[in-house]
Asker: 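Below you'll find the structure I mean.
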Amino acid sequence: MQIKFESIDAIIFDLDDCLVDERIWIKERWEKTIQHVEERNGLVGFGENFWKVFDKRGRHYKGHVDETLEKCGGDPELVGEIVSFFLKQKTTEEPFPGVVDFLEEASKRFRLGIITNGREEIQMDRIERMGIIDYFSSIVCAFEFPKPGLKPYLKGIEELGVGSSRSIYVSHDQQDFNGAKLAGMNTVYVNMFNAEHMENVDIEVSSFSELLSLIRSDDESGK
């Protein structure tokens with residue numbers, strides 16, 4: 001074990017694909033958008049073509065709608081309207097298994113925070129809808145100064161009133177770990193999907209339940 005939890009005051013988390021499955025959130029909002037587009041604009045096959053583009057290009061591609069409209073023979077000027085509709089869609093999400101139990105126990109001992117690159121109005125609404133917002137003393141939505149730049153990490157640490165060496169950043173993303181290490185933080189990789197090895201990681205676990213067990217074991221050994 002490379003982290004002594006008795007020396008830790010705060011744990012800060014990434015949001016998407018760490019506490020919650022971003023893929024489900026994106027998929028459900030696009031399903032609502034596709035239904036709207038096909039019914040309002042009469043674009044038969046928009047959904048079928050959209051998912052083909054989505055599967056081919058990946059969820060972080062910025063031209064899904066443009067490419068789908070081209071395939072459907074739709075008006076390219078509809079892009080702005082469609083994207084705007086998508087961004088307004090909301091859905092209730094469930095945290096990953098073990099997250100709520102972890103937050104419930106960890107919040108009694110550590111100060112908890114989130115650092116996410118999303119837009120504040122969207123991310124705060126999602127966190128509240130998940131029913132976990134009250135566990136956190138700091139939520140940094142770093143849309144304009146995103147990770148892995150140092151600013152969001154330093155802001156999160158400052159808001160929690162802790163030193164960087166007495167804090168942990170929990171994520172699933174290599175760039176997140178690189179930024180956290182530059183900020184002087186400890187790092188935990190929650191590898192729920194058996195993904196590749198990550199650098200700049202102090203501890204790797206397969207679940208939040210395993211991480212909670214490590215903290216409990218460290219407590220017991222320190223007594």
Asker: Answer whether the closest heavy-atom distance between the side chains of I168 and M185 falls below 4.5 Å.
Answerer: no
Asker: Answer whether the closest heavy-atom distance between the side chains of S171 and Y189 falls below 4.5 Å.
Answerer: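 SC-SC contact between S171 and Y189 ruled out.
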Asker: Quick one: CD on E48 to CD on E38, what's the gap to the nearest 0.5 Å?
Answerer: 9.5 Å
Asker: Do F143 and N117 have side chains that approach each other closer than 4.5 Å (heavy atoms only, starting at C-beta)?
Answerer: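 F143 vs N117: side chains apart.
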Asker: Please find the pair of heavy atoms, one from F177 and one from V188, that lie closest to each other, and give the distance.
Answerer: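 F177 and V188 have their closest heavy atoms at CE2-O, 3.4 Å.
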Asker: Counting only heavy atoms not in R109, do more than 12 sit closer than 6.0 Å to its CZ atom?
Answerer: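 Above 12, so yes.
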Asker: Flag yes if more than 12 heavy atoms outside E144 fall under 6.0 Å of its CD atom; otherwise flag no.
Answerer: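 Counting neighbours around CD of E144, 12 or fewer heavy atoms of other residues, nucleotides or ligands fall under 6.0 Å, so no.
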Asker: Using a 4.5 Å cut-off on heavy atoms from C-beta on, say whether the side chain of V99 contacts that of F102.
Answerer: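 Not in contact.
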Asker: Is N191 reaching over with its side chain to a backbone N or O of S206, donor-acceptor style, under 3.5 angstrom?
Answerer: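 No: the side chain of N191 does not pair with the backbone of S206.
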Asker: Looking only at non-hydrogen atoms, find the nearest pair between G47 and I34 and report the distance.
Answerer: CA-CG2, 3.4 Å
Asker: Could you check whether any side-chain heavy atom of L103 comes within less than 4.5 Å of a side-chain heavy atom of F136, counting everything from C-beta outward?
Answerer: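 Sidechains of F136 and L103: in contact.
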Asker: Checking R29 against W25: charged group under 6.0 Å from the ring centre and within 45 degrees of the axis?
Answerer: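 Yes, R29 sits over the ring of W25.
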Asker: Kindly indicate whether the side chain of N186, heavy atoms from C-beta on, has any atom under 4.5 Å from the side chain of R166.
Answerer: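 In short, these two side chains do not touch, never coming nearer than 4.5 Å.
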Asker: If you round to the nearest 0.5 Å, how far is NE2 of H172 from CG of L19?
Answerer: 10.5 Å
Asker: State the CZ-OH distance between F13 and Y169, to the nearest 0.5 angstrom.
Answerer: 10.0 Å
Asker: Please list, chain by chain and in numerical order, all residues satisfying ring pair (Phe, Tyr, Trp, His ring centres under 6.0 Å) with Y61, sequence neighbours excluded.
Answerer: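 Result, ring pair (Phe, Tyr, Trp, His ring centres under 6.0 Å) vs Y61: H64.
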Asker: Using every non-hydrogen atom in the two residues, find where P146 and P152 come nearest and quote the distance to one decimal.
Answerer: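 For P146 and P152, the tightest heavy-atom pair comes out as C-CG, 4.0 Å.
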Asker: Check whether E93 reaches the backbone of R129 with its side chain - one donor and one acceptor, N or O, closer than 3.5 Å.
Answerer: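 No; judged by distance alone, with no hydrogens or angles, the pair does not exist.
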Asker: Side chains of K181 and Y153 only: does a donor on one sit below 3.5 Å from an acceptor on the other?
Answerer: no
Asker: Does any non-hydrogen side-chain atom of R57 lie less than 4.5 Å from one of E67?
Answerer: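 Yes, side chains in contact.
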Asker: Determine whether L212 and I114 fall in the same hydrophobic cluster, where Ile, Leu, Val, Met, Phe, Trp and Tyr are linked whenever their side-chain heavy atoms lie under 4.5 Å apart.
Answerer: yes
Asker: Whether the side chain of D173 engages the backbone of Q175 through a donor-acceptor N/O pair (distance < 3.5 Å, no angle test) should be reported.
Answerer: yes
Asker: Output yes when a side-chain donor or acceptor of N49 lies under 3.5 Å from a complementary backbone atom of G45, and no otherwise.
Answerer: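 Yes, N49 side chain to G45 backbone: donor-acceptor pair under 3.5 Å.
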Asker: Locate the shortest heavy-atom distance separating F5 from I203; write the atom from each residue and the value.
Answerer: CZ-CD1, 4.0 Å
Asker: For a quick test of your reading: what N or O donor-acceptor pairs under 3.5 Å do the side chains of residues 82-92 make, sequence neighbours left out?
Answerer:
unit_1, atom_1, unit_2, atom_2, d
Q89, NE2, F85, O, 2.8
T91, OG1, E28, OE1, 2.4

Asker: Would the number of heavy atoms belonging to other residues, nucleotides or ligands and lying under 6.0 Å from CG of D134 be above 12?
Answerer: no
Asker: Measuring from I26:CD1 to R59:CZ, what's the distance to the nearest 0.5 Å?
Answerer: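 These two atoms lie 5.5 Å from each other.
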Asker: Regarding D14 and K147, does a basic nitrogen lie under 4.0 Å from an acidic carboxylate oxygen?
Answerer: yes
Asker: Going from CD1 on I157 to OG on S164, what distance comes out if it is rounded to the nearest 0.5 angstrom?
Answerer: 5.0 Å
Asker: What I want to find out is whether R126 reaches D16 closely enough, with some N-O distance under 4.0 Å, to be called a salt bridge.
Answerer: yes
Asker: Tell me, yes or no, whether the heavy-atom count around E158 atom CD, taken from other residues, nucleotides or ligands under 6.0 Å, exceeds 12.
Answerer: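 No, the 6.0 Å shell around CD holds no more than 12 heavy atoms from other groups.
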Asker: Quick one, I12 and L160 - any side-chain contact, counting heavy atoms below 4.5 Å?
Answerer: yes
Asker: What closest approach, in Å, do A183 and L154 show between heavy atoms, and which atom pair accounts for it?
Answerer: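 So the minimum-distance heavy-atom pair works out to CB-CD2, 4.3 Å.
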Asker: Mind listing the closest non-hydrogen atom pair of V100 and P95 along with its distance?
Answerer: CG2-CG, 4.1 Å
Asker: Just by distance, no angles: are the side chains of E31 and Q35 close enough, under 3.5 Å, to form a donor-acceptor pair?
Answerer: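 No.
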Asker: Evaluate F50 against W30 for ring-ring contact (aromatic ring centres under 6.0 Å, His included), listing each step before the verdict.
Answerer: CA-CA 9 Å; F50 176 86; W30 274 121; 4.5 Å; yes
Asker: Could you grab the distance from atom CD1 of I133 to atom CD1 of I127, nearest 0.5 Å is fine?
Answerer: 6.0 Å
Asker: Treating Ile, Leu, Val, Met, Phe, Trp and Tyr as nodes and any side-chain heavy-atom pair under 4.5 angstrom as an edge, say whether M192 and M198 lie in one connected cluster.
Answerer: no
Asker: Any side-chain to backbone donor/acceptor pair from T187 onto D202? Under 3.5 Å, distance only.
Answerer: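 Yes, the answer is positive, given that a donor and an acceptor are paired below the 3.5 Å cut-off.
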Asker: For K71, I'd like to know if atom NZ has over 12 heavy atoms of other residues, nucleotides or ligands within 6.0 Å.
Answerer: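 Not buried by this count: 12 neighbours or fewer within 6.0 Å.
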Asker: Is V201 reachable from I11 through a run of I, L, V, M, F, W or Y residues, each pair having side-chain heavy atoms under 4.5 Å apart?
Answerer: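 Different hydrophobic clusters.
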